[in-house]
Amino acid sequence: MKWGITKSRKEFHKNQNKLSLNKACKGDNTQMQFKYFCLLIILLLAGIGSSHGLTPNPEINSDRVSAFEAFADKAKYHKIATKSIPANSVIASGYYMVAGVFGVSSNAQSFANSLRKTNFAAEVYKDSQSGMHYVYLNRFNSGEQAIEFYLDKTYEKKMWILHVEGNNNTPPALKNEFPSTHKVAEINTHNLFLKAAKKSSIASRTIKELNTLQGGYYAIAGVFGDQNNVSKFVGTLRAKGINAQTVLHPETKLSYVYLASNADWKPVLNAAQNRLDGKYKGKMWIMHIPAPISSNMEVTMQRVINNNGPEKTVSKNLKSKKQFVSKDPPAKLLQKADSYFDKMWYAEAAELYEQYLSNNEENYTYEIIQKAGDSHYFNTNMERAYYWYDILYTKYQNEISNENIFKYAHSLKGTGKYSRAKRLMRIYDRRVKKEGMRYTVDDPRTTPKEKVLDNILDTEQEYTLRNVATNSEYSDFSPMFYNEDQLVFASAMDSSFFSTRRYKWNDQPYLDLYVAKVNKESQEVKDAIKFSKKINTKYHEASVAFSPDNATMYFTRNNYGKKLKRDKNGVNNLKIYRSRKVDGNWTEATELPFNSDEFSTGHPALSPDGKKLYFVSDRPGSLGETDLFVVDVYEDGNFSEPRNLGPEINTERKEMFPFITDRKLYFSSNGHIGLGGLDVYEVAFSEEEGFEQVKNMGKPINGKKDDFSYIVDEATQRGFFASNRRGGKGDDDIYSFSKLMPEELNLNAIEGVITDLVTGEVMPEALVTLLDENNIKLKEVVSDKDGSFVFEDLDSHTKYTVKTNKEGYSEVVMNVPTKENEVINVEVTLDRLEELVVMEEGIKKIKLDMIYFDFDKYNIRKDAGEELDRLVAVMKENPTMVIKIESHTDSRGKAAYNKYLSDRRAKSTRDYIISQGIDPKRIESAIGYGEERLLNGCDGSIRCTSAQHQLNRRSEFIIVNM
C-alpha cells in the first residue's frame, strides 16, 4: 500500500473467544443483532443472571458456602448488588469492587483511565467465558471488607461487588497482582484531601508525569514558561523570607514554583489556607504527585493487556497499540527503524524511533527527529507528530525546510493550537513568496494562509451529527449510497478477529466491504453484513461507487494476483476494479485499463449520470502526492484517457475521497488550508464555468482530526462521512449528518479563543463576560480547556461588549456587534501583567498603548480608561510599587499652553488611577512637560510628518520603587 486506502490507526488482534461460540453464533455473515443475542445466551450460561448472582459451586465446602451466604445476606441488607463467577487462572478469588462492565475492551480501558486520573487504582479483568470486561477499584479477601469499603462511600458513584469463587489453588503469581493495602490507603487519603481542599476553596490538580519530584503535595504559587520570570519571581519571594523552590516539567518545559511540600496533605493545605502565616499575599493551589505504582501493579496491567489484546490506552504517547520494546542495540534499532520508514511501515517505524530517542538527546539529529515526526504524521497521530516537529523547529529553526514547516503547522492545527499554527503559516507564506510562488497573483490561494484559516474558523453551520450504530472498535469509513435504503462501507470489524494479517502502514487489519440497512428518516444504520464473497478478498477492499442502475460497481483493491504485487521500489499499489451484477449476483471483478503496477489508482466516484468516473492517483503528471483525476465512461464500457482536474482542485499534497453530485464536487485534502488532518471541501461547477472556488466545509463537519469520505443527498442535505475525532467507538467512525434549514435556526452567536499574547498558548479558565450597550452584564462563562468560549442565542444587529479577565493578566474589553444569523468569531489575546514592566534606556517603566485625549481636552476617554485599567492591575499585583506620571506633547502650538495642557492631562491620569483604588501615596508625582522632552528633532525647525509628531505625544509611567 503506497497511500492510505484506510485512515484506520488501531491494531487488530486475534480473539479466539469469538470462535468458542456454538455453531449458531459462528459465521462471518452473522447479523449484529443475532450476535448480541448469542452474547446474552453466553452470559446466562456463565451464571451472571441470578437474583443475587450467587451461583453455587459444587466443589466448595459447606463452611465456605455459609460464608458466602452471610456475605450475601449482609449485602442484601445494605442494598448492595452482587454477582458471582468461578475463579480461573487469570483472576484470583476474592471480592472485587466493580464500577463498570463493558463489552468493548477499549471502552473499559478508557473508563479505567478516567478513574486513574481521579486517583482510583482502577484495573480491568476480562472474563474469558462471557467476553465482558470488568473495571474494578479494589479487591478484598473477605466480603466484610468489601462491604465496609462500599459503605465508606470513597467512590461516590454506582458500584457493586463481584465475588470470584474458587479453591486456594489460584496460581501464586496472581495472588499479589492487585492493589496493595498501602496503595488503597494512599487512595483513600487522597480522597479525603480532595474533599478538604474543595471545602476550603483551594484548587488542586494531580500531575502524574512530573516524576522528578517525590510523591506528595506541593503548594504552588506560580507556573512559568520563561526562566527569567521564574528567577525574578523566586528572587522576590526569597527576599521576603519565603523558601521558594522550583521544578521543571520535562515534557511541557513549564516551571512550577512551590512554597511548601509534604508527603502528608494536611500541613500543605494549612499553608495554602493561611498563606504561609501571612507571609505570602498571592493565591496558591496544590499539586499532587502520586507515589510510584508498585511493580506488582505494573505486572497486573501488563497481564490485562496480554489477555485482552493490545489496548488503545496503554500509552498516552503512541497511537499504535502494539507496544513492544526492542532489545536491539541502539545502532541496530535505528537501522531497523529506517528500514521500516523506507518501506512506509510507519506505525512500526514510529515505535522504534520513539525508543531510540527516548531519554537520549545525543541522538537528536535533524534527520532522525524529522523521521520520528513524519512516521507519526503519515500515520495521522498529530499529537506525537507535533511533539517531534516542535523539537525539530526549536533545535534547527534556521535549517528547517518549508515542507517541515508546513507539516509542523498542520500538526499544530491537528492538536487544536490554531494561534501557533497561524504564526507558522505566516513564516511558510513568507518563505514561499521569497522562493517564488506557484500560483498567479490573483489566485485565491495566494491569500495569506492565516486569514484563510480565520475565515474557516468563523464558518460553522448547524448540523446534527450522530455516530452510526454499525461502527466497530476498528476502522469504518467510505460510506456510499446503495439502492433506496442501504449503505455500503469499508470496515475491519471481522478481519480483526479471524486474521493475523496486518497492514504495515498503520498496523491495521485488512478491510472488507459491508452493506447495512438505512432508515431514510432517522438515518439509523443497522444489520451490517459482508457485501459479497465475490468482491471481498483476504486483502483490502474499500471505496465503492455504483452506476445509476446499481448494476455496475467500481471499488479499490490491493494490486495482487496469487500474491501481492510490488513496484520497483517494493511498494504494493492500489487499483480500481469493476464488477457487474448478473442474475442478482456480482461477477468476478476485473481491473480497469488505466491502472498500473507502478503507481496507485483508487477511490472511485461516479457522476449521477454514470458518464464520468472520478478517482485518485499518484501517477506521472500528478501535481502533488495524490491528485484527483477523471475519465469519460463510454457506452461500450471503455474509458477515455485520464485527465488531471488541475491546480484549481489539486495541490502539492493529498487530495482524496471524491464524491460528485449534479451540483458540486466534494473531496478531502490536507493541501488546502484547513483545521487539521484531512478536511472536507466542496467546489461548485457548471458546464459553462467549470469548477469554481474550493471552499472548506467548516465546523462541525471538519475538526482538528481527519474528516473524509463525505457523501450527501443534495435534496435533503443528509448524508454520511468518516472521522477519527474524539468520542468515537473506534479508530475511524462513520457519522450521519443532517443540515438544519435556516428558518429553524438562530445562529447569532459570539465565539472565540483566548490565547497568551506572547506564547500563543490557549488560556483555559479565563472569565468571559457579555455586556449590553448599557454595560449591564448579560452572561458569564469560563473558557474551556482549549481556550474557547461561546455566547449563543443573541439578538441580530446588536452591539455587545465582551470583557475577559484572568488572574495575572490584564483585562481585555472588546466591542462586538452581531449580524443576521451569523456566528461572529473573535480572538482574545491576554497580556501578562508582569510583562508590561520593561526597561528603556536604563529606566524601568510600565509599557502601555498610547493614552489618547480629545483635541484640546484633558478628560479621560473610555479607551484611555481601559488602557489605564491595565496599569492599575499591575500596581495591584505589586502592592509596593510606586510610580511617577509624565505627560508630553509635540512642538505644534504655543510652548506655554502645551506645558499647561500636558500637566492637566498628567493630573487627570493620576486622579483616574486613584479613583480605581490605588493609594495616592503610591504616585510620587504627575507632571506635564509639554514639548520640553521631544524624542526626535521635530521642534519646528524641520518639516515632520504627522506620524513623527505623534511619537512625541505620549504619557509615560516610570517605576520609582517596586
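All of these numbers come straight from a predicted model, not from anything done at the bench.
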Non-hydrogen side-chain atoms of T909 and F957 separated by less than 4.5 Å: yes
Between T755 and V762, is there a donor-acceptor pair closer than 3.5 Å when you use the side chain of the first and the backbone of the second? no
Side chain to side chain donor-acceptor pair (under 3.5 Å) contacts in which one or both residues fall within residues 919-928, not counting sequence neighbours: none
Ignoring hydrogens and geometry, is there a side-chain-to-backbone donor-acceptor pair from N774 to I776 under 3.5 Å? no
For the pair N961 (side chain) and I883 (backbone), establish whether a donor and an acceptor sit closer than 3.5 Å, ignoring hydrogens and angles. no
Do the non-hydrogen side-chain atoms of K407 and Y389 ever get within less than 4.5 Å of each other? yes
When rounded to the nearest 0.5 angstrom, what distance separates OH in Y256 from CE in M287? 6.5 Å
Do NZ/NE/NH1/NH2 and the carboxylate oxygens of K806 and E765 come within less than 4.0 Å? no
Would you tell me whether Y912 and D869 have side-chain atoms, one donor and one acceptor, within less than 3.5 Å of each other? yes
For L259, the option from N243, L276, I220 that meets side chain to side chain contact (heavy atoms under 4.5 Å, CB included): L276
Residues G373 and A385: closest non-hydrogen pair is O-CB, 3.7 Å
Any side-chain donor near an acceptor of the partner, Y809 and D756, under 3.5 Å: yes
Would you please test V813 and T801 for side-chain contact (heavy atoms from CB on, under 4.5 Å) and show each step? CA-CA 7 Å; V813 179; T801 298; 3.5 Å; yes
For residues N702 and N696, is any side-chain donor paired with an opposing acceptor at under 3.5 Å? yes
Residue pair V234 / V257, side-chain heavy-atom distance below 4.5 Å: yes
Check side-chain contact (heavy atoms from CB on, under 4.5 Å) between E761 and all other residues, then give those that pass, not counting sequence neighbours. R420, T759
Would you call the rings of Y408 and Y386 parallel, tilted or perpendicular, taking 30° and 60° as the class edges? parallel
In Å, rounded to the nearest 0.5 Å, how long is the span from NZ of K899 to CD of E931? 10.5 Å
CG/L237 to CD1/I242 distance, rounded to the nearest 0.5 angstrom? 5.0 Å
No-hydrogen, no-angle side-chain donor-acceptor test under 3.5 Å, S908 and D911: no
Kindly confirm or rule out a cation-pi arrangement of R653 over F406, judged by NZ or CZ under 6.0 Å from the six-membered ring centre and within 45° of its axis? yes
Reported OG1-to-NZ distance for the pair T769 and K777, which is rounded to 0.5 angstrom: 6.0 Å
Where do V781 and S783 land on the side-chain contact (heavy atoms from CB on, under 4.5 Å) test, with the steps shown first? CA-CA 6 Å; V781 298; S783 61; over 6 Å; no
CD on Q245 to OH on Y218, rounded to 0.5 Å: 10.5 Å
Under the side-chain contact (heavy atoms from CB on, under 4.5 Å) criterion, do F791 and L778 qualify, and how do the steps go? CA-CA 10 Å; F791 295 111; L778 302 176; over 6 Å; no
So, for A926 and R910, which heavy atoms are closest and what is the spacing to 0.1 Å? CB-CB, 3.8 Å
Is S887 reaching over with its side chain to a backbone N or O of G928, donor-acceptor style, under 3.5 angstrom? no
Quick check: are there more than 12 heavy atoms from other residues, nucleotides or ligands sitting under 6.0 Å from NZ of K845? yes
Atom CD1 in I400, atom CD in Q370: separation rounded to 0.5 Å? 8.5 Å
Would you say S788's side chain and D784's backbone share a donor-acceptor pair under 3.5 angstrom? no
Where is the tightest heavy-atom contact between F789 and V753, given as atom of each residue plus distance? CE2-N, 4.2 Å
Are W388 and Y364, when compared by the centres of their aromatic rings, separated by less than 6.0 Å? yes
Decide yes or no for V802 and I750: does some side-chain heavy atom of the first lie under 4.5 Å from some side-chain heavy atom of the second? yes
Any side-chain heavy atom of H672 within less than 4.5 Å of one from D679? no
Are the side chain of R275 and the backbone of G282 linked by a donor-acceptor contact shorter than 3.5 Å? yes
Test side-chain hydrogen bond (donor to acceptor under 3.5 Å, both in side chains) applied to N274 and Y280, step by step: CA-CA 9 Å; N274 61 34; Y280 180 67; over 6 Å; no
Would a 4.5 Å heavy-atom cut-off, applied to side chains only, mark Y393 and N404 as touching? no
One thing to verify: whether K803 and E780 come together as a salt bridge, which I'm taking to mean a side-chain N less than 4.0 angstrom from a carboxylate O. no
Before accepting this row, confirm whether a basic side-chain N of the pair D903/K907 lies closer than 4.0 Å to the acidic partner's carboxylate O. yes
Shortest non-hydrogen separation from E648 to V694 and the atoms involved: O-CG2, 3.2 Å
Shortest non-hydrogen separation from G671 to T651 and the atoms involved: CA-OG1, 3.3 Å
So L871 and I913, do their side chains get closer than 4.5 Å, heavy atoms only? yes
Side chains of K695 and V683: does their closest heavy-atom pair fall under 4.5 Å? no
Please lay out, stage by stage, how T829 and V812 fare under the test side-chain contact (heavy atoms from CB on, under 4.5 Å). CA-CA 8 Å; T829 54; V812 174; 6.0 Å; no
More than 12 heavy atoms of other groups within 6.0 Å of K279 NZ: no
Between the side chain of T818 and the main-chain N/O of H797, is any donor-acceptor distance below 3.5 Å? yes
Go through the structure and list residues passing side-chain contact (heavy atoms from CB on, under 4.5 Å) with R933, not counting sequence neighbours. E886, H888, Y929, R954
For the residue pair S796 / N748, report whether a side-chain donor-acceptor contact shorter than 3.5 Å exists. yes
